[in-house]
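Throughout, a chain's letter reflects where its sequence line sits, starting with A, and its residues are numbered from 1.
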There are 2 protein chains.
Amino acid sequence: MGPEERIAAAVETRLGTFVKRAEQALMAEKADALRPFGLSVPQYAVMYALSVAPGCSGAQLARVCYVTPQSMASLLSTLESKKLIERRPSDVHAQVMVTKLTRSGHALLRKADAAALAVEARLSAAFTAEEEGRLRELLQRATDALPADG
Amino acid sequence: MGPEERIAAAVETRLGTFVKRAEQALMAEKADALRPFGLSVPQYAVMYALSVAPGCSGAQLARVCYVTPQSMASLLSTLESKKLIERRPSDVHAQVMVTKLTRSGHALLRKADAAALAVEARLSAAFTAEEEGRLRELLQRATDALPADG
DNA sequence: ACCAAGCTATCAGGGCTCTGATGTTAAGCA
DNA sequence: TGCTTAACATCAGAGCCCTGATAGCTTGGT
């Protein structure tokens, strides 16, 4: 057994390895699907969130996208420079920045979303409805079980 | 329903969301567990691979760690500057760099590994043996199903 | 012997994410 | 009213990862 096989065998004793590999494969596919539109996966995720709930603050977007406010600020800055989103101070809280998709942002998202959904469909196609439900439940349990503060 | 709940509901229709969240929770926990040792998760992964198969080339390590050779070069450079690994030209191929853990690298890995295994144990504890096997099988199927070149 | 393919390493550039720290504004309470 | 707490935004610094491109070495087929 060569060194690469030996490492693979050792690493596959860990359940976490399977989670990571599935996520990596998913990210790689989504990145490939979105590249033609000039969007990264995180950029697409933000735009999708904004399409569901326009006018969010950066902090709100950070929470729903599970990233830090700093990461979100970096994403929003990039998207703003591409003219895909617009930011302006909230009427209520002068220091809160309210964010919305631009017209071209909406148009791009519509096309990018189709590509992203195609990847999701490819993933779901690997499972029966019963299996997919089971997988969701198991992954949710993993997510809930992990945090140390629990 | 507030904007954050609305986005959460929309996003949870996607199976991929559950994969990503589980992976994010896992990475966060491992990062916290390894922080006291001054190691990032990718750094730990490389050192672990080297402990299983000393003398690997950068390209081999890149393959088993599922990153590009460029990413691996960056990791190895950091680890070398910390004196945790040693690199020297291969006897066989002058241009191939052979990598091994240093004495202090071995010592640090032994402690870090215990912390990483504790996280894995916490994850596994959320499942019965039968459930864990099922989860592995479903994740493997997802990983296999995704690549577009298939 | 030669040339093409493949593997190795590395440089350059850009994007994402995090920790840590700072300053501002809004809301709650004594 | 004034203080405290919390939430928001942002700067600074660092690590990881990717795509694209360059260059040396080795192997194998012609």
In this structure, how many angstroms lie between the [atom2] atom of [N] and the [atom1] atom of [X], rounded?
| X | N | atom1 | atom2 | result |
| --- | --- | --- | --- | --- |
| A:Q95 | C:dT25 | CD | C1' | 5 Å |
| A:L39 | C:dG14 | CG | P | 18 Å |
| A:D91 | C:dA26 | CG | P | 13 Å |
| B:M27 | C:dC16 | CE | P | 17 Å |
| B:L34 | D:dG15 | CG | P | 16 Å |
| B:D32 | C:dC18 | CG | P | 12 Å |
| A:L61 | D:dA9 | CG | C1' | 13 Å |
| B:K30 | C:dT17 | NZ | C1' | 18 Å |

Nearest to the side chain of B:A59 - C:dA9, C:dA26, C:dC16? C:dA9
The nucleotide from D:dT19, D:dG15, D:dA9 with an atom nearest the side chain of A:V96 is D:dA9
What is the minimum heavy-atom distance between [X] and [Y], and which atoms define it?
| X | Y | answer |
| --- | --- | --- |
| A:K100 | A:G55 | CG-N, 3.8 Å |
| B:L26 | A:G16 | CD2-CA, 3.5 Å |
| B:P42 | B:L75 | CB-CD2, 3.8 Å |
| A:K83 | A:S104 | O-OG, 3.2 Å |
| B:D113 | B:Y48 | OD1-CD1, 4.0 Å |

The answer to which of A:V92 and A:V41 contacts DNA chain C further toward the 5' end, by nearest nucleotide, is A:V41
Do the side chain of B:K82 and the main chain of B:G38 share a donor and acceptor less than 3.5 angstrom apart? yes
Closest-nucleotide ordering on DNA chain D, the 5'-leading residue of B:P42 and A:R35: B:P42
When A:Q24 and A:M97 are each assigned the nearest nucleotide of DNA chain D, the 5'-most assignment goes to A:M97
Can you pull out the residues from residues 63-82 of chain A that lie within a 4.0 Å heavy-atom distance of DNA chain D? A:R63, A:Q70
Please list, in numerical order, the residues of residues 49-58 of chain A that have a heavy atom closer than 4.0 Å to any atom of DNA chain D. A:S57, A:G58
Between B:R136 and B:E132 (salt bridge meaning N to carboxylate O under 4.0 Å), is one present in this structure? yes
Check whether any side-chain heavy atom of B:R63 sits under 4.5 Å from a side-chain heavy atom of B:M72, and report yes or no. no
Report yes if the side chains of B:V46 and B:L79 come closer than 4.5 Å at any heavy-atom pair, otherwise no. yes
